[in-house]
Amino acid sequence: MPLEPAIESGDRSHTLAPVESVAQISSMLLDTDPTLDPALAEAARTAAAEGVVLLTNDGTLPLGERSVAVFGRVQIDWFAVGYGSGGDVKVPYVWNLLAGLRDAGVRVDAELATHYSTWSAANRPVFADSWGQWPHHFPEMPLDESVVAAAASRADTAVVAIGRAAGEARDSILEAGSYYLTDDERMLLDTVTSHFARTVVVVDAGNVMDLSWVADYRDRIGAVLFAWQGGMEGARAVASVLAGESSPSGKLTDTIALSYEDYPSAPNFGHLDVNVYAEDVFVGYRYFETFAPDRVLFPFGHGLAYTNFELSTEADADAGTLRLEVVVTNTGDRAGKEVVQVYTGAPDGALGKPARHLAAFAKTRLLAPGESDTVRLEVHVDDLASYDDGGETGHRNAWVLEAGEYPVFVGADVRSAAEVAAFEVPETQVVREATEVAAPAHAFERLTLARAADGSAVAAREPVPTRTVSRAERVLGSLPAELPQTGDRGIDLAHVASGTASLDDFVAQLSDEELSLLARGDVTMDSPLGAPGNAGVLAGVSESLRAKGVPPVTTTDGPSGIRLSAYASLLPSGTALASTWNVPLIEELAALHSQEMLRKGSDVLLSPGMNIHRDPLCGRNFEYFSEDPVVTGRIAAAVVRGVQSTGLSACPKHFAANNQETNRTRNDSRVSERALREIYLRGFEICVREAAPRTIMTSYNQINGVWSHYHHDLATVILREEWGYEGVVITDWWIEDAVDPDFPALEDNAYRVRAQVDVLMPGGVKTDAAPQAYADTTILDSLAREDGLTRGELQRTARNVLGLAIALKPVVDARTLEG
Ligand code: BGC
């Protein structure tokens, strides 16, 4: 197996926490074994292959027996993942495209390959030392036209690989080498396409980049394939698709627009302090299909196969549910899988509604030529409701189905899906009453739908409804009761786990000091209480807690692999996974990954990343899934179910509206309650309701003026009270200091605990200068004050954390015993 060096994506400086005396934990032993689980690697390869999106193909692909000349240094210096915590995995090998093509039996021109390999070995990519300063692309090898001409005399097809990366603290930028092609890349395409009759372009990138050149080179490029970043096996998977060993079945989870300026978020992305989400619910295809269908290069859901499919649908409606039976027949001459996508429309009414919404989807099994598969899907009329945040329908803060016809479309992308049925809603109805959460404090105007005289859609503006509820009253009205403290009664957490004592009896024993320790992690990353290289440890962070049976709970990044000092698998990035549209496959992969977590000593995987692709420049889009919340929620739920199948915990992140990296800890995402609920929170809601994650991570940014790690409306009202979440909420790493504006006796961690953001991670102050000296007094100080944090609130947080500890305990204990 070719061992290519993993792309070095930089490291953050870890400071070891002071070592205290801890019981020996087997996972503390440094695991130096580079052997990975072959079943996991194979599942990763299958997923990476299914995530490859074939954008255009005039028959040039698959390559089959043709001889191929491979251009672009990315064939060697392959971007397997994006940068930052989401990709920083110590992976023992990463396939590159050249090796992958050879492995797939493709006849690769050796002379050109040697030329690139030699040059690349002498010109290694340069990485700056500092966090967030990673290259968006690697400069291309200078190429003499005679080399191209000579290659064209030996090989009949050219494959050009173009690569991009972005990441944490590293948004893409509107420059050549990031969103745009460089002059060198254009020249490469010009030269190659002028010498080769057949050219295939492979885009190896985590983010959508400008593809307007696909139209410029229309007749000269035979096929374009978006490979995403598929992890250690990704290039091999792409090669198997190119060769025709695997059939492409990936579908876009984002719209690819003609130009960046066409995206509705474009005027309001990248600002340092405030980003106004003026496009409101019209994100991605919801905008394009409503207002600007002619500004789309490739629609949401698009992706070709090496064969063709015919869909025939039967619809059967009863009591608010539409049952669809879609027979998919492979009418071509190669095997393939198809994704059946169901969209709904909506009538005009008091609320402006997007022309199409994804309502359901499912992927067929692999169909041989002539074979059919029947896919069954359901659409519930209640799921078509819109959220009325301003009372326009007469029902403020409710999910409302406005009267009229809701057409249902079935097809293989958002644009071509054809109407198959319709729901008739005779009268406007409230589907679900809710309560105002996280509404904007600042007025701004948002996009809405109006109609011209001829009925065509017109972009109009309306004032966004602003906050009406008093948070202070809301908090004070629901303060939890305090358990009288009993002191140590000898109750161990194991007694709670086995049902011989109640959790409340256990919590009542805890001192204020112990309670406050449960509300923070073990001070630094790479805690000595967990496997080396961990992201942080929570729960059993002191001797006294461990003496009561509270285990230390180890967290690791996530999402693309387990980030530790030990070797681990690098899996396909979020967008690659989502582009498979294959929920069972992702769940299976995540379940195998969970086995690796068990072996490596990770209890909580800081995954999935599930923020919405609001804008193609967001640096962490590679970790996230889609511009659509249904795809996001369902894929995230699959990851969570898989990871938690062994009893461990996933940790969906970043809750919520973390849609840009630039100045991410200061930025305020100003967004209507409607857009929050229909777009930015919807994926989390689906994930929580379908998969019950045990842990959730807040985001760095503010939402309507409140940092999400202080956001009571988000972490308590909507997450727990409305959605029934029962797990722990942890911060993203470190928090911004602030005094609670409603309760000045609560600052920093006290303010956070009041919101029910339970655990500060990794637990120390932001600078690692002197972690030993860290002592948080904000919780205990506030507790001591009449008008401060209540003990009941701190005990509530302790209950949340202990609930996680109990769930994980059997696994953690077994691991300790094995050691
Ligand atoms: C990232 C999180 C990550 C955490 C721990 C933060 O900077 O935003 O996604 O899980 O670090 O590494």
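Counting starts at 1 for both ligands and their atoms, following the listed order. All values below come from the heavy atoms of this structure, side chains included, with hydrogens, waters and symmetry mates left out.
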Parallel, tilted or perpendicular: ring planes of [X] versus [Y], cut at 30 and 60 degrees:
X	Y	answer
F79	Y83	perpendicular
H613	Y624	tilted
Y263	Y260	tilted

Would you check if the side chain of D732 reaches a backbone N or O of Y700 as a donor-acceptor pair within less than 3.5 Å?
no
Backbone N or O of L648 within a donor-acceptor pair of the R694 side chain at under 3.5 Å?
yes
Near [X], which atoms of ligand 1 are under 4.0 Å from a heavy atom of that residue?
X	answer
R563	12 (O)
M697	10 (O)
L606	10 (O)
E168	1 (C), 6 (C), 7 (O), 8 (O)
K653	2 (C), 3 (C), 9 (O), 10 (O)

Option among W723, F625, F655 that satisfies the ring pair (Phe, Tyr, Trp, His ring centres under 6.0 Å) test with F684
F655
So for E661 against ligand 1, with non-hydrogen atoms under 4.0 Å, the contacting part is neither
Pick from D171, N275, N268: which one makes a side chain to side chain donor-acceptor pair (under 3.5 Å) with Q660?
N275
Does some non-hydrogen atom of H654 fall short of 4.0 Å from ligand 1?
yes
Can a non-hydrogen atom of E623 be found less than 4.0 Å from any atom of ligand 1?
no
Nearest option to atom 5 (C) of ligand 1, as decided by whichever heavy atom of N658, D557, I730 sits closest
D557
